[in-house]
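Chain identifiers are assigned alphabetically (A, B, ...) following the order of the sequence lines, protein sequences preceding nucleic acid strands; residue numbering begins at 1 within each chain.
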2 protein chains.
Amino acid sequence: MGDVCVLGLGLIGGSVLRAVSAAGWTAWAATASDDDAAAASAAGFTVLPIDDALRRASDTGAVVVVAVSLDAINSVLDEVGRLAPACVVTDVGGIKQPIAEHVAASPTSLRYVGGHPMAGKAESGWPAGSATLFDRAAWAVCVEPDTDRSAWAEVANLALATGAEVVPVTARRHDDAVARISHLPHLLAAVLASAGAQGGPLGLSLAAGSFTDGTRVAGSDPNLVRAMTEGNRSSLLPALDGALGTLGAARGSLASTGSLAATINAGHAARDALQRLGSAPRVDVRIDLSASDSVDALLGLGERGGRITAIADGVATGYVPDDDA
Amino acid sequence: MGDVCVLGLGLIGGSVLRAVSAAGWTAWAATASDDDAAAASAAGFTVLPIDDALRRASDTGAVVVVAVSLDAINSVLDEVGRLAPACVVTDVGGIKQPIAEHVAASPTSLRYVGGHPMAGKAESGWPAGSATLFDRAAWAVCVEPDTDRSAWAEVANLALATGAEVVPVTARRHDDAVARISHLPHLLAAVLASAGAQGGPLGLSLAAGSFTDGTRVAGSDPNLVRAMTEGNRSSLLPALDGALGTLGAARGSLASTGSLAATINAGHAARDALQRLGSAPRVDVRIDLSASDSVDALLGLGERGGRITAIADGVATGYVPDDDA
């Protein structure tokens with residue numbers, strides 16, 4: 001346990017504050033939203049002006065969690081660099097490489113380790129949060145060859161304290177992965193919603209599970225969706241090209257031979273792989289964070305679909321799914 | 001209330017048998033599956049050999065519900081034509097125009113009215129069914145200028161008895177609509193699942209709600225998905241071309257200007273339209289089925305997203321959503 005300073009009290013920041021407090025950590029927050037501040041205060045949490053929150057973090061050596069919207073992360077990180085430069089700081093933004101580049105180019109040095117909890121819902125703001133939002137969820141914690149491993153362990157510990165499991169990953173690999181499993185789904189949901197609406201009220205009246213599920217995330221705040229998809233352009237373009245290629249091939253096959261076997265069988269096998277990964281037997285893994293090859297070991301675990309579930313005495317323990325089982 | 005003969009005891013047929021029995025109708029069934037027959041018999045339902053089931057239907061004037069897989073519907077309809085030609089018969093297949101064409105070309109005349117309950121799940125077979133599967137679900141019941149309106153009313157009544165609401169629609173309009181709200185979602189789910197799996201175990205480990213929701217129906221039986229999508233080629237191709245166009249435009253805009261505003265805003269507006277349709281105030285509608293313009297009135301109600309909720313004394317009552325509210 002330790003001290004945490006949470007900046008931003010929307011869905012994610014508000015849930016971090018609740019979860020780490022419930023886990024016994026000493027936590028306080030700052031937010032630019034008067035509504036969120038009032039609601040969190042009324043619920044018994046400590047909400048301070050941002051300067052006071054960061055000075056307290058600096059005094060106590062707290063981990064600072066930047067949980068503001070994507071377009072505000074860089075400027076808030078700069079603020080942390082001015083008022084609490086010795087603190088370990090992380091963020092929860094949905095894209096990691098551009099933020100890592102901003103930090104690397106920053107004149108002040110920051111003990112920054114990027115993070116991204118893979119939990120969300122269509123609702124936003126303090127009222128949408130909960131102490132259990134991150135239970136068993138994946139929380140990407142970025143690690144690179146030059147990452148300060150004690151700072152990494154502090155951020156990973158914070159993520160574990162919320163109930164999440166930690167996925168070690170480089171910023172670049174994270175951005176490539178979320179292009180496929182988060183940003184592309186948002187785009188396809190938007191395309192599907194538009195295609196359905198073009199069928200008029202009759203079509204929407206007949207719509208059932210496949211359409212409702214497939215368009216659910218099209219209901220998310222368009223500004224948040226634009227920020228994450230447009231901000232991840234370099235990773236999203238190849239994923240989008242792949243999807244266009246697969247869909248175009250399906251179109252060609254349907255028009256020429258009448259068959260959709262390749263598309264549908266591949267999709268079914270892929271969905272099976274997702275289900276299998278979740279239910280596969282697990283092989284325990286132990287990584288000594290002081291070892292010279294620990295970064296490679298962490299990244300290897302992440303690539304294999306593994307997760308870190310605890311860190312104690314400089315040793316990370318977790319599991320990888322057993323592919324061969 | 002009346003008599004119902006259900007042919008096929010999978011998810012849909014098994015749920016129809018349970019639902020109409022619970023509603024007090026006299027119902028019996030036949031199935032080619034020994035497992036489903038044994039399970040339904042054990043649950044106290046009457047399961048007969050198909051010839052006996054159809055002879056009983058012929059004797060009692062029962063409505064016959066053909067609830068077999070898409071590729072077997074035509075041959076079972078032919079069987080109904082041989083053994084119970086005077087009975088009103090419907091089916092629950094996911095495509096309507098090809099079946100209507102088969103019936104029209106049939107040497108024996110059949111009192112056929114096509115149907116399609118918009119309820120389903122990834123699981124199939126008798127054990128997956130339930131008496132409440134159709135509660136408030138849309139059940140498309142096909143109507144054309146030359147439809148026998150008393151046969152239509154019998155089938156609509158059967159659908160209403162299961163707890164569903166009836167959407168009157170022509171076979172052609174039905175097939176166009178389901179291409180957009182059922183078949184395209186299945187294709188996009190398959191494409192998304194494949195794109196995600198190409199990210200490897202790391203990507204699947206990071207996958208959360210947007211990917212899980214967007215790929216759920218990719219877990220459906222590939223043979224069932226192929227049958228409905230490939231069988232609806234003429235309606236699916238234009239819907240697929242539309243989706244390819246929208247997705248390609250998004251790709252072009254992201255690559256050139258960096259903006260996905262048009263795609264994401266249109267998707268959000270379309271999803272809003274779906275939500276609004278479900279919660280809109282309702283205007284009551286009353287259609288005298290003996291009136292000369294009743295087919296037009298039924299089809300107009302369906303086009304506006306309306307549904308029939310009761311039929312009594314030759315009068316159908318229901319509602320349309322109030323667009324202007």
Side-chain angles (χ1 to χ4, degrees), chain A residues 118 138 167 177 180-182 184-186 188 190-197 199 201-208 210-211 213-219 222 225-226 229-230 233 239-240 242-244 246-247 250-251 254 258 260 263-268 270-271 273-274 277 302-305, chain B residues 118 138 167 177 180-182 184-188 190-197 199 201-208 210-211 213-219 222 225-226 229-230 233 239-240 242-244 246-247 251 254 258 260 263-268 270-271 273-274 277 302-305:
Chain A
M118 306 306 296
V167 176
R180 290 179 182 280
I181 55 85
S182 170
L184 186 60
H186 276 87
L188 291 181
V191 167
L192 181 58
S194 294
L202 170 67
L204 297 180
S205 170
L206 291 176
S210 64
F211 187 75
D213 282 358
T215 59
R216 187 187 61 87
V217 294
V225 177
R226 283 188 62 187
T229 52
E230 295 172 357
R233 173 160 78 161
L240 190 43
L244 274 165
T246 309
L247 194 60
R251 196 273 176 214
L254 180 64
L260 288 168
T263 313
I264 288 165
N265 291 339
H268 189 258
R271 173 76 189 180
L274 176 67
L277 189 74
E303 283 294 340
R304 290 157 68 197
Chain B
M118 306 307 296
V167 176
R180 292 179 180 279
I181 56 87
S182 171
L184 186 60
H186 277 88
L187 269 189
L188 290 181
V191 167
L192 181 58
S194 294
L202 170 67
L204 297 181
S205 170
L206 291 177
S210 64
F211 187 75
D213 282 357
T215 59
R216 186 186 64 85
V217 293
V225 177
R226 282 188 63 186
T229 52
E230 294 172 358
R233 174 160 75 161
L240 190 43
L244 275 165
T246 309
L247 194 60
R251 196 271 177 216
L254 180 64
L260 289 167
T263 312
I264 289 165
N265 291 340
H268 189 260
R271 172 78 189 179
L274 176 67
L277 190 72
E303 283 294 339
R304 291 158 67 198

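- Between the CG atom in B:L240 and the CG atom in A:L247 there is a gap of 5.0 Å [rounded to 0.5 Å].
- Considering only residues two or more places apart in sequence or on other chains, B:A218 meets the side chain to side chain contact (heavy atoms under 4.5 Å, CB included) condition with A:R271, B:A189, B:A193.
- Contacts between A:L188 and chain B at a heavy-atom distance below 4.5 Å involve backbone atoms as well as side-chain atoms.
- Closest approach of A:E303 and B:P201 over heavy atoms only: O-CB, 3.5 Å.
- To the nearest 0.5 angstrom, A:H186 atom NE2 is 12.0 Å from B:L260 atom CG.
- Counting heavy-atom pairs closer than 4.5 Å to chain A, the top-ranked of the candidates B:G203, B:A197, B:A273 is B:G203.
- Residue contact with chain B, scored on non-hydrogen atoms closer than 4.5 Å, involves the backbone and the side chain of A:H268 alike.
- The most heavy-atom pairs under 4.5 Å with chain B, out of A:G258, A:A243, A:A177, A:A250, come from A:G258.
- In this structure, A:N265 and B:P222 approach most closely via the heavy-atom pair OD1-CB, 3.5 Å.
- Considering CG of B:L274 and CZ of A:R216, their distance stands at 13.5 Å, rounded to 0.5 Å.
- Counting heavy-atom pairs under 4.5 Å between each of B:T263, B:V217, B:T246, B:V191 and chain A puts B:V191 at the top.
- Between the CG atom in B:L184 and the CG atom in A:L192 there is a gap of 5.5 Å [rounded to 0.5 Å].
- For B:L206, the parts lying near chain A are the backbone and the side chain together; criterion is any non-hydrogen pair under 4.5 Å.
- Listed by chain and residue number, A:V320 satisfy the side chain to side chain contact (heavy atoms under 4.5 Å, CB included) test with A:R304 (two or more places apart in sequence, or in another chain).
- Interface residue A:V167: only side-chain heavy atoms are found under 4.5 Å from chain B.
- Neither the backbone nor the side chain of A:A239 comes within contact range of chain B, judged by heavy atoms closer than 4.5 Å.
- The two atoms that bring B:G267 and A:S194 nearest to each other are N-OG, 3.6 Å, heavy atoms only.
- Residue contact with chain A, scored on non-hydrogen atoms closer than 4.5 Å, involves the backbone and the side chain of B:L254 alike.
- The two residues B:L277 and A:S205 make their nearest non-hydrogen contact at CD2-N, 3.6 Å.
- Closest approach of A:P185 to B:S210, counting heavy atoms only: CB-O, 3.7 Å.
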